[in-house]
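This chain uses plain numbering: 1 for the first residue, then up along the sequence.
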Amino acid sequence: MKPAMNAVTEVAAADCTAAEAHFAALFAFETDCWDTHAALASGEPGFVLLDVRGPELFARGHVPGAISLPHRKIIASRMADWPEGTLFVVYCAGPHCNGAARGALRLARLGRPVKLMAGGITGWLDEGFALDQVAAAVA
């Protein structure tokens with residue numbers, strides 16, 4: 001039986017070794033909303049959660065426990081508030097927004113460990129998690 005040819009099948013899948021390496025590496029760069037929520041709920045998440053959107057959007061709704069730090073304000077002097085080696089998890093509005101990637105890039109350029117929370121606010125809400133609307137902890 002000849003396999004169907006279409007946009008999915010016209011390029012062969014990677015061999016299993018390459019696929020394993022690729023998908024394993026993704027976890028070094030990102031996490032998801034569910035795992036972030038569980039870590040925050042533990043009381044000892046092991047990271048600082050940064051909402052890299054603007055302060056107005058943060059005030060309208062953000063992940064509980066997040067600190068507002070717009071990606072353009074991620075600079076060396078501001079990051080000195082946290083010890084070297086602190087892991088940061090960044091998020092923005094959602095998959096349609098590249099603010100989290102911009103924030104992650106700035107942190108990486110400053111030598112700070114960083115992961116992106118895939119899905120952002122959209123993913124957080126899709127998982128059924130509540131947002132905090134208290135405009136506290138604004139940097």
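- The two residues G120 and C33 come nearest to each other via the heavy atoms O-SG, 3.7 Å.
- In plain terms, the two heavy atoms of P95 and G119 that are nearest each other are CD-O, 3.6 Å.
- Heavy atoms only, all atoms of each residue included: C92 and A100 are closest at SG-N, 3.4 Å.
- When every heavy atom of P45 is checked against every heavy atom of S42, the shortest pair comes out as N-OG, 3.9 Å.
- When all heavy atoms of N6 and V8 are compared, the pair lying nearest together is OD1-N, 2.8 Å.
- When hydrophobic clusters are built by joining Ile, Leu, Val, Met, Phe, Trp and Tyr residues whose side-chain heavy atoms come closer than 4.5 Å, directly or via intermediates, V48 is not grouped with I75.
- The salt bridge (charged side-chain N to carboxylate O under 4.0 Å, His left out) contacts involving residues 84-96 comprise E84-R112, where partners must be two or more places apart or lie in separate chains.
- Taking the side chain as every heavy atom from C-beta outward, Y91 and V52 never approach each other to under 4.5 Å.
- Rounding to the nearest 0.5 angstrom, the gap separating the CE atom in M117 from the CZ atom in F47 is 9.0 Å.
- Below 30°, between 30° and 60°, or above 60°: for W34 and H37 the angle between ring planes is between 30° and 60°, a tilted geometry.
- In this structure, CD1 on I67 lies 8.0 Å from CG on L49, to the nearest 0.5 angstrom.
- Within the structure, every pair that satisfies the salt bridge (charged side-chain N to carboxylate O under 4.0 Å, His left out) test and touches residues 39-55, not counting sequence neighbours, is listed here: D51-R53.
- For R102, the side chain to side chain donor-acceptor pair (under 3.5 Å) criterion is met by N98, not counting sequence neighbours.
- Grouping the Ile, Leu, Val, Met, Phe, Trp and Tyr side chains by contacts below 4.5 angstrom, directly or via other members, places L125 with V63.
- To the nearest 0.5 Å, the span separating CD1 on I121 from CG on L57 amounts to 9.0 Å.
- Here the NE2 atom belonging to H22 is positioned 4.5 Å from the CG atom belonging to L26, to the nearest 0.5 angstrom.
- How far CE of M79 is from CG of L107: 5.0 Å, rounded to the nearest 0.5 Å.
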TODO: Please assess V114 against L87 for the test side chain to side chain contact (heavy atoms under 4.5 Å, CB included), listing each intermediate value before the final yes or no.
DONE: CA-CA 6 Å; V114 61; L87 173 62; 5.5 Å; no
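- The distance from atom CZ of F88 to atom CG of L116, rounded to the nearest 0.5 Å, is 14.5 Å.
- Looking only at distances, a side-chain donor or acceptor of R106 sits under 3.5 Å from a matching main-chain atom of H71.
- Every residue was checked against the side chain to side chain donor-acceptor pair (under 3.5 Å) condition with D35, not counting sequence neighbours, and none meets it.
- Residue pairs that meet the salt bridge (charged side-chain N to carboxylate O under 4.0 Å, His left out) test with at least one member in residues 8-27, sequence neighbours left out, do not exist here.
- For the pair T86 (side chain) and W82 (backbone), a donor-acceptor distance under 3.5 Å is absent.
- Between P113 and G85, the shortest heavy-atom contact is CG-O, 3.8 Å.
- For the side chain to side chain donor-acceptor pair (under 3.5 Å) condition, no pair includes a residue of residues 113-127, sequence neighbours left out.
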